[in-house]
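I have placed the structure first, in the form of structure tokens, so that the comments after it can refer back to it.
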Amino acid sequence: MGPTTSSIAYSQQAPASVSAGARAALAPFGPEWSRHEAGSSAHATVGVRLPAERWLEAFRALKAAGFDLLVDHTAVDYPARTPRFTVVAVVMNVATQERLVVKARVADGGSIASLVPLWASADWAERETYDMFGIDFAGHPDLTRIYMPHDYEGWPLRKDFPLQGHLRFRD
């Protein structure tokens, strides 16, 4: 059996499960919505893709609409696609338990606004994403490597990273 390929379908129409507050908060940003089924529709995840240049502004609107918890923040590498990276943040409205997977595409060498001004927990998540993928988070208070040595060259989670790395170690 060969590898499976998957394509996410986006729509201008938000899935019915998205709250009116989330719809209203994101409407000014031209959201593109997706819904990912995981077994049953009760466990579906709603995704929304936004323009990278409006990233921080959109999260300010989501936080004002009650999405008060940053659950996760990372990136995905698509080396054959332009722009190459998708930055992903998962936010949750703790009171209603509503979750959104928010995405934006970023070019190799490009940057996206830091979410640290809204959630302190974004600090290390963005440092990790920078360290592993080389994505710049504009406005981050200390965007330095967190796992790799500070003088290390390369980004280990990029799909074109050499499997044996850039350094050779002796036993």
Side-chain angles (χ1 to χ4, degrees), residues 3-15 18 22-23 25-36 45-63 67 70-92 99-167:
T4 59
T5 58
S6 162
S7 180
I8 298 172
Y10 288 93
S11 169
Q12 303 302 313
Q13 184 70 30
V18 177
R23 290 172 202 242
L26 294 177
F29 307 105
E32 296 177 305
W33 300 91
S34 63
R35 182 176 164 96
H36 313 280
T45 301
V46 174
V48 60
R49 187 170 60 190
L50 302 169
E53 60 274 4
R54 312 253 344 246
W55 184 252
L56 183 59
E57 187 182 359
F59 278 100
R60 277 196 180 106
L62 281 170
K63 193 164 187 183
F67 287 85
L70 179 65
V71 177
D72 198 6
H73 191 8
T74 189
V76 182
D77 182 13
Y78 297 94
R81 190 188 70 199
T82 302
R84 178 176 182 162
F85 301 104
T86 297
V87 176
V88 181
V90 180
V91 290
M92 180 173 159
R99 287 177 184 245
L100 288 176
V101 178
V102 185
K103 304 177 242 182
R105 292 183 175 174
V106 179
D108 191 2
S111 70
I112 192 163
S114 173
L115 296 180
V116 171
L118 300 176
W119 291 285
S121 62
D123 186 355
W124 281 40
E126 289 175 353
R127 287 181 65 193
E128 177 182 36
T129 303
Y130 166 74
D131 196 6
M132 297 289 110
F133 292 97
I135 297 171
D136 178 57
F137 289 89
H140 190 281
D142 183 26
L143 197 60
T144 55
R145 289 198 180 266
I146 195 168
Y147 297 123
M148 305 305 291
H150 290 282
D151 60 348
Y152 190 81
E153 294 182 19
W155 315 106
L157 287 184
R158 288 188 178 197
K159 290 183 180 171
D160 57 1
F161 187 78
L163 292 178
Q164 294 184 357
H166 294 297
L167 301 175

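Since we're looking at a predicted model, the values are computed, not measured.
Counting heavy atoms from C-beta on, the side chains of Lys63 and Trp119 come closer than 4.5 Å. The shortest distance between side-chain heavy atoms of Leu26 and Leu100 falls below 4.5 Å. Counting heavy atoms from C-beta outward, Trp33 and Val48 have side chains that approach closer than 4.5 Å. Taking 4.5 Å as the limit, every side-chain heavy atom of Glu57 sits out of range of all side-chain heavy atoms of Pro28. Between Pro31 and Leu50 the shortest side-chain heavy-atom distance falls below 4.5 Å.
Distance alone, capped at 3.5 Å, is enough to place a donor-acceptor pair between the Asp131 side chain and the Tyr147 backbone. A distance-only check finds a donor-acceptor pair linking the side chain of Arg127 to the backbone of Arg145 [under 3.5 Å]. In this structure, the side chain of Asp72 does not engage the main chain of Val90 through any donor-acceptor pair within 3.5 Å. One N or O on the side chain of Arg158 and one on the backbone of Phe133 form a donor-acceptor pair closer than 3.5 Å. Looking only at distances, a side-chain donor or acceptor of Lys159 sits under 3.5 Å from a matching main-chain atom of Asp77.
Distance CG/Leu115 to CH2/Trp55: 6.0 Å, rounded to 0.5 Å. Between the CG atom in Asp123 and the NE2 atom in His140 there is a gap of 4.0 Å [rounded to 0.5 Å].
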Derivation and outcome, side chain to side chain contact (heavy atoms under 4.5 Å, CB included), residues Phe85 and Ile112: CA-CA 11 Å; Phe85 301 104; Ile112 192 163; over 6 Å; no
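By the 30° and 60° cut-offs, the orientation of the rings of Phe137 relative to His73 is perpendicular.
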